[in-house]
Amino acid sequence: MYTPHPDRYADMPYRRTGRSGLKLPALSLGLWHNFGPDRPVDVQRAILRRAFDLGVTHFDLANNYGPPPGAAESALGDALKADFGHLRDELVISTKAGYLMWPGPYGEWGSRKYLLSSLDQSLGRMGLDYVDIFYSHRPDPETPLEETMGALHSAVQQGKALYVGVSNYSAEQTREAARILAELGTPLLIHQPRYSMLDRRPEDEGLLDALDELQVGSIAYSPLEQGLLTGRYLNGIPEDSRAASDSPFLSADTVTEDLVGRLRTLDEIAKSRGQSLAQLALAWVLRGGRVTSALVGASSPRQLEDSVAAIGNLDFSEDELARIDALVKA
């Protein structure tokens with residue numbers, strides 16, 4: 001049986017999520033990639049164990065993570081049985097529903113039927129009675145927000161989720177979702193937006209301001225911008241990289257000479273801080289405490305360790321922030 005490191009809580013900062021009593025680690029482990037049948041099970045288990053040893057107590061999933069969809073939840077379910085069954089109360093496990101999971105009109109979006117059916121399926125795959133956070137993964141343009149939020153409220157009332165959140169909602173949609181949930185008696189805990197040094201939409205479109213106003217937490221996904229904000233692209237596009245594949249999340253056209261030049265300058269700033277480019281990017285998202293947690297993926301325990309090392313320097317000088325802004329907003 002897996003025995004966690006006795007000092008696992010010594011170094012990781014834990015941040016309160018909005019107005020709630022729930023604290024999340026500054027870095028959370030996302031199981032979006034690397035937790036499907038195409039990845040060795042022993043590597044998957046090693047990543048999860050190493051994460052927990054480093055104080056990463058939050059594992060973030062969605063019904064469609066894998067590939068194929070559902071595979072990541074099944075992989076976590078197997079790992080929970082093998083390693084973490086006696087540690088469930090030390091873990092925060094989240095999942096989402098919103099994207100296509102099965103054929104027909106009830107297999108995606110935000111209807112009550114889809115969300116609650118999907119949650120039941122997710123719990124079955126993970127072998128859990130409840131998740132800590134259940135998200136609406138994306139707003140549904142054709143379903144009343146009252147229905148979608150009502151389904152989240154029902155998940156809590158049924159004891160299948162402790163908290164609820166939204167992801168990919170605009171500032172206006174988030175305000176309305178929070179209002180509806182407050183009237184139902186289930187507060188909106190957290191929003192999961194895409195946010196990085198290269199993607200400032202949560203700032204530019206007022207989402208972070210709305211979350212501050214509502215006292216709702218936030219957890220940023222893609223803080224490394226699909227790998228662009230790592231050392232992988234400092235000399236162009238590697239043959240085995242995501243940009244060189246047919247990935248829908250990053251195309252070769254994105255990696256221009258201008259971008260590579262800016263990445264190299266960002267890497268120089270990172271080195272001056274004693275960090276890798278990835279660590280700089282994670283620290284930037286977490287700067288000032290405005291973001292509760294940043295989601296990181298990992299293909300190996302070593303890669304995870306490099307990400308977690310970012311917590312060693314989360315402070316920025318005004319000059320550093322100005323230099324970064326000048327580069328990425330150019």
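Considering every non-hydrogen atom in both His191 and Pro193, the closest pair reads O-CD, 3.3 Å. Looking at every heavy atom in both residues, Ile311 comes nearest to Ala26 through CG2-CB, 4.5 Å. Counting all heavy atoms, side chain and backbone alike, Leu48 lies closest to Ala79 at CD1-CB, 3.5 Å. Between Pro139 and Gln173, the shortest heavy-atom distance links the atoms CG-OE1, 3.6 Å. Annotation for Ser218 and Val291: closest pair OG-CA, 3.3 Å, computed over non-hydrogen atoms. Nearest heavy-atom pair, Leu304 versus Ile47, reported as atom, atom and distance to 0.1 Å: CD2-O, 3.7 Å.
Proximity of Gln158 to His153: side-chain heavy atoms (C-beta onward) are nowhere separated by under 4.5 Å. Proximity of Arg201 to Leu207: side-chain heavy atoms (C-beta onward) are nowhere separated by under 4.5 Å. A 4.5 Å side-chain heavy-atom check between Asp60 and Thr95 finds every atom pair outside the cut-off. Arg39 is not listed as a side-chain neighbour of Val43, based on a closest heavy-atom distance of 4.5 Å or more. In this structure the side chain of Asp132 never reaches within 4.5 angstrom of the side chain of His58, judged on heavy atoms. With contacts defined as side-chain heavy-atom distances shorter than 4.5 Å, the pair Leu327/Leu266 qualifies. Looking at heavy atoms from C-beta onward, Thr17 lies out of side-chain contact with Lys23 at the 4.5 angstrom threshold. At a threshold of 4.5 Å between non-hydrogen side-chain atoms, the residues Arg200 and Val328 count as touching.
In the hydrophobic clustering of ILVMFWY residues, with side-chain heavy atoms under 4.5 Å counting as a link, Phe59 and Leu87 come out together.
Other residues sharing a hydrophobic cluster with Tyr163 under the 4.5 Å side-chain heavy-atom criterion for ILVMFWY residues are Leu22, Leu24, Val92, Tyr130, Ile133, Tyr135, Leu162, Leu189, Ile190, Ile219, Tyr221, Leu295.
Between the side chain of Arg8 and the backbone N or O of Gly55, no donor-acceptor pair lies under 3.5 Å. With Ser272 contributing its side chain and Ile269 its backbone, the two residues share a donor-acceptor pair below 3.5 Å. Judged purely by atom type and a 3.5 angstrom limit, Gln279 has no side-chain atom pairing as donor or acceptor with the backbone of Gly312.
Checked against the 6.0 Å centroid threshold, Phe52 and Phe84 count as a close aromatic pair.
Evaluation of the side chain to side chain donor-acceptor pair (under 3.5 Å) rule for Arg125 yields Glu73 as partners, not counting sequence neighbours.
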Before you tell me yes or no, could you show the steps for Arg287 and Glu318 under salt bridge (charged side-chain N to carboxylate O under 4.0 Å, His left out), namely the whole-Å CA-CA distance, both residues' side-chain angles and the distance that decides it to 0.1 Å? CA-CA 12 Å; Arg287 74 198 186 286; Glu318 290 184 8; over 6 Å; no

Can Asp267 and Lys271 be said to form a salt bridge (charged side-chain N to carboxylate O under 4.0 Å, His left out), step by step? CA-CA 6 Å; Asp267 186 54; Lys271 288 177 179 175; 3.4 Å; yes

Given Glu320 and Arg323, is the salt bridge (charged side-chain N to carboxylate O under 4.0 Å, His left out) satisfied, shown in steps? CA-CA 5 Å; Glu320 287 173 330; Arg323 290 174 64 195; over 6 Å; no

Carefully, step by step, assess Arg302 and Asp306 under the rule salt bridge (charged side-chain N to carboxylate O under 4.0 Å, His left out). CA-CA 6 Å; Arg302 183 174 179 179; Asp306 182 74; over 6 Å; no

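Residues Asn34 and Tyr65 have side chains that never bring a donor and an acceptor to within less than 3.5 angstrom of each other.
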